[in-house]
There are 2 protein chains.
Amino acid sequence: MSEKTRLDAPPRTNRKVEKSESTERPRLKLSQRAIVATAADLFARNGFGATSLDDIGVALGVTKGALYYHVKNKEEILKLVFMTVLTVSEEPLRRIVEAEITPVEKLRRAILHHVAIAADRSPAMTVFYREDVHLTGPFAREIATRKKAYEHLFELIITEGQQINTFKPSLDPKIVAFGILGMCNWLSEWYRSGGTYKPEQIAEMFSGLVESGIEV
Amino acid sequence: MSEKTRLDAPPRTNRKVEKSESTERPRLKLSQRAIVATAADLFARNGFGATSLDDIGVALGVTKGALYYHVKNKEEILKLVFMTVLTVSEEPLRRIVEAEITPVEKLRRAILHHVAIAADRSPAMTVFYREDVHLTGPFAREIATRKKAYEHLFELIITEGQQINTFKPSLDPKIVAFGILGMCNWLSEWYRSGGTYKPEQIAEMFSGLVESGIEV
DNA sequence: GCCAGTTTTGAACGATTGGTCGAATTAGAG
DNA sequence: CTCTAATTCGACCAATCGTTCAAAACTGGC
């Protein structure tokens, strides 16, 4: 934690609770993978700027100096979080768009795909959309570009559906795409695993809503 | 700016450009209102944790010490940003829900209301949904509560529409409400004033999408 | 049980941060 | 102009930050 702004009455949360006799910490083997996963969690919960390398180290049961053996920078950790999201997102969606199925079916699968990621990889997804401000230089531009490309794939599905007259031609594909993406991305604000619905069920409801609307 | 993490090649953006001969700065009269507005802008662009009080001072043409005459804390600034959002959001939506109009019309107006805020107050809205992590104590809880209440109002509209058989009874109002809110809130990620559409047009497209769907 | 390579420590660094405060400045009323 | 209160300055503080690095600790193969 180590919040930047501390109030008068410092709400210090007790860290390092487990200090039993011999076995000190869980101490899963340190690796770049573990660092990124833990960091994603902390970044999502406390924000990138308010998460110190100390925090990440403590969460892993390790000194912050040790992190630098596996990772170049704090920013590199953030970059790796972004990369994991893109890695699991881009390819599958591309395959859906290129598949030989109806636009309706494409849209359905695309929504399921996106909802599933937003739900299952919730921390990384949250970071992906909240902390892009902290990326700098060429990488920031690359992320922005690939994000746009991803959104464009949704747009393509809409456009295709309009061309074969399955989707209303009056709607602007870009706006519709943004609407759908917003609907799905917002999951990371309210979805908690173990809730009433599983990601597939939510995806189905979203699909139904987008396809035929809410009116009876 | 003053990023916490600096890369090897520091991409320093030139601040303090305007340094003409006599008239030094725009120097609008300093006030709590001005501080909050400027801070909202900076928080939205660079994040709360990465925005220093120095940054806010510079943006206002003032030393950071001066800020403390109008404001107690850095966190109080953040609190005030949150309050401005709630101030313009809650009351109008409540009036819409309580109005004597059809649920369809309520939903239409609610979407317009929400889209307009997300578009017009973009920076504050961005902060509202990105930086809630940095709130602590009772205020954090209050914001969470009022946020939930706001969402619940959307839910109410859906439920009402289902009861008079205008909306499909099969849909879960909560999920639909979250979907609509996500669609609208996502505006702050892509909407830029002066773009192709005005907020009212976007709201209309969203309404049409939600009401009758995308299929022809 | 020794050795080389890998991994972690722990202390230190320079920079920046949010916050404080008395002195200096400004503004307005009389 | 004068006096007072409101406002701002500018220097300062303690804490925390990301980062570095030599030394220590651990590791597996021989």
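Lettering of chains follows the sequences in order, A, B, ..., and the numbering in each one begins at 1. All values derive from a computational prediction rather than experimental measurement.
In this structure, the ring-ring contact (aromatic ring centres under 6.0 Å, His included) partners of B/Y129, at least two apart in sequence or on a different chain, are A/W186. With sequence neighbours excluded, no residue satisfies side-chain hydrogen bond (donor to acceptor under 3.5 Å, both in side chains) with B/R121. The salt bridge (Lys or Arg N to Asp or Glu O under 4.0 Å) check on A/R95 picks up A/E91, with sequence neighbours excluded. Applying the salt bridge (Lys or Arg N to Asp or Glu O under 4.0 Å) criterion to A/D54, with sequence neighbours excluded, gives A/K64.
Remark on DNA chain C: of its neighbouring residues B/Y68 and A/A66, the 5'-side contact belongs to A/A66, judged by nearest-heavy-atom nucleotide.
Protein atom CD1 of A/I56 is 10 Å distant from nucleotide atom P of D/dT19, rounded to whole Å. At whole-Å resolution of the value, CD in B/Q32 and P in D/dA6 are 16 Å apart. In this structure, A/K64 atom NZ and C/dA12 atom P are separated by 13 Å, rounded to whole Å. Nucleotide C/dT7 holds its P atom 11 Å from the CD1 atom of A/I35, rounded to whole Å. In this structure, the CG atom of B/N46 is 15 Å from the C1' atom of C/dT17, given to the nearest Å. Rounding to whole angstrom units, CG of residue A/D54 and C1' of C/dT8 are separated by 15 Å. Rounded to an integer number of Å, the gap from A/D55 CG to D/dG18 P is 8 Å. With rounding to whole Å, A/L53 atom CG is found 17 Å from C/dG10 atom P.
Residue A/T63 has its side chain nearest to C/dT9 when only C/dT9, D/dG18, C/dT20 are considered. The nucleotide whose nearest atom lies closest to any side-chain atom of B/L30 is, among D/dG18, C/dT8, D/dT8, D/dT8. Looking at the side chain of A/V62, the nearest of the listed nucleotides C/dT9, C/dT17, C/dG19 is C/dT9.
Axis angle, first five pairs versus last five pairs of the helix from C/dG1-D/dC30 to C/dG30-D/dC1: 20°, rounded to 10°.
For an aromatic pair to be called close, the ring centres must be under 6.0 Å apart, and B/H113 with B/F154 fails this.
Close to D/dT8, at under 4.0 Å from its OP1 or OP2, lies a side-chain N or O of B/H70. Distances shorter than 4.0 Å separate none of the side-chain N or O atoms of B/N73 from OP1 or OP2 on C/dG18. In this structure, A/Y69 reaches the C/dT7 phosphate: one of its side-chain N or O atoms is under 4.0 Å from OP1 or OP2.
Rounding to the nearest 0.5 angstrom, the gap separating the CG atom in B/L67 from the CD1 atom in B/I56 is 6.5 Å.
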Only pairs under 3.5 Å count here: list side-chain donor-acceptor contacts from residues 195-206 of chain B, not counting sequence neighbours, and write none if there are none.
| unit_1 | atom_1 | unit_2 | atom_2 | d |
| --- | --- | --- | --- | --- |
| B/Y197 | OH | A/D172 | OD2 | 2.5 |
| B/Q201 | OE1 | B/K198 | N | 2.8 |

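Between the side chain of A/K74 and the base of D/dT19, no donor-acceptor pair under 3.5 Å is found.
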